[in-house]
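Structure record follows, encoded as structure tokens.
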Amino acid sequence: MRVTIIDLVIEGPATDLFSRAMNANFASIMPQMAAAWCEELGHDVHYECYTGFEDLTGMLNEGADVVFLSGFTRSALTAYAISNLYRKRGAVTVLGGPHARCYPEDAAKYFDYVLGFTDRTVIENILKECAPHRPEGLIISAAKQPTTLPSLQSRWRFVAANLAKAPLMKVVPMIASTGCPYTCAFCIDSTVDYQPLGFAQMEDDLRFLVKNAPGVKVGWHDPNFGVRFDDYLSAIERAVPQGKLYHIAESSLALLSEPNLKRLNKAGFEAILPGVESWYDFGNKSKAKAANGEAKVKQVAEHVNMILRYIPFVQTNFVLGLDSDEGAEPFELTKKFIDLVPGAYPAFSMFTSYGRAAPMNLGLQKAGRVLPFPFLFLDSTRSMNVRPLNYTWDDFYEKNTDLVRHAWSGSRVWKRFLANKHLTTRFLNVIRAASSTRVKQQKELRELLKTDLSMKRYYAGESTVLPEFYRAKIEKSLGPLYAALPEGAIEHDPYAYLRSSPEAVAAE
Ligand code: SF4
């Protein structure tokens, strides 16, 4: 069969410099694995990573018997529109990836198959049956994450196509483990058992990479890199001669002790993205179990400054608006942290509830705190779909804007530039801050919350009628695909997880 696999890195056309330089490096790893499995099963595979610069509608003319799409929730409407167009041309469509796992009931309205955990058997069974399931698609999941994945060599042609699109830095996605032993309540991986994949294959893949693309960066897609630190680093040290490859990983602060950092530095780790999340919660992953508030700021600042002595790029991740936050203090503490650690790039997510991603979402839905923002706005930066526990919207967005302005002000960007010694880090940190439209967006939102009654009522949960402001943004973002959106796609049931929970089903 002709199988098309589309990885949606972004939801619509892009024009900015950062997207041009980096989007191809954000390709997901599972669409490449699925592509390799389809080839192993004897099918003719066309793989495309959509970075905002390709002609999506032109691809339709190439034809396909089955189309696999994958993307985060912010790309869901794009995926729904593409599925609609392919189905009209007779193809069967499949959705995998984070959106499929978070909102399977909604996705099943627009796809023939919706995937949870996906392994080779799941793909094989779909390709064997390959039948339309309409109006409700089949929701299919393996019992757990796969224990083995295709080799880098078998997915190399897909990786190489993406490397060709990356003009500066070139990142190859790799993975050595799934799940996480930590239990951060908001995280999709908190309920997935930690499971290392084979270290022998990891070494073979790294040797293949040293031979075929020396000098590239390995982007480790492990939810929490280095849980079995010695095993991982020993495998890398055995397979990669010093200076041949560089690495990027997300890792908990708790794993980043000084001896571990020395080894990471020697192995060529250039970027680490630890999650701080909050000054009042999640202390176990920051090695700051006992410390809270200001004491935690000082402890984490010292730790991150120490990391920066070994790793040139450090991005610290924060979640704003968590239930543990109250008043101005959390925002002021984050500003203090930014001043104490000028070399780290701060990234802010707003507390967002992604369907059934995490068990805490059930509690938020029971409490009636989840708002029905269309999927396009659910990317943790554009809209917060959880009504904050301890802030009014106006207060929250005012403090949020003030913090973001502080972090990306000219003087902070300059201090970061001076503190970063690595050229690429300097370049990326400056472009990222300059490309951000977050302050502008949040100011616009605050203004509308004061003046537009439809926005006020929507945010207060008094109305579910989508304000025109959001509808117009969807039309602009999707471009020509807006006309292909299936009926009803813009809206979704934000309480679908609760309604399908065993208690709710039993009560019916
Ligand atoms: S440490 Fe990271 S990956 Fe693990 S549960 Fe927490 S947020 Fe998720």
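In listed order, ligands and their atoms are each counted from 1.
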> Once the angle between the rings of Tyr47 and Phe158 is folded into 0 to 90°, is it parallel (under 30°), tilted (30 to 60°) or perpendicular (over 60°)?
Replying inline: tilted
>> With a 6.0 Å cut-off on the ring centroids, do His492 and Phe375 count as close?
In response: yes
>> I need the atoms of ligand 1 closer than 4.0 Å to a non-hydrogen atom of Asn224, numbered in the order shown.
In response: 1 (S)
> Do the rings of Trp279 and Phe318 sit parallel, tilted or perpendicular, given the 30° and 60° boundaries?
Replying inline: tilted
>> Going by the closest heavy atom to atom 8 (Fe) of ligand 1, which one wins out of Ser190, Ala358, Pro223, Cys187?
In response: Cys187
>> Out of the candidates Phe225, Tyr310, Tyr232, Tyr246, only one should pair with Phe269 under the ring-ring contact (aromatic ring centres under 6.0 Å, His included) rule; please name it.
In response: Phe225
> Going by the atom numbers of ligand 1, which of them fall below 4.0 Å from some non-hydrogen atom of Cys180?
Replying inline: 1 (S), 3 (S), 4 (Fe), 5 (S)
> atom 4 (Fe) of ligand 1 to Cys184: any N/O/S contact under 2.8 Å?
Replying inline: no
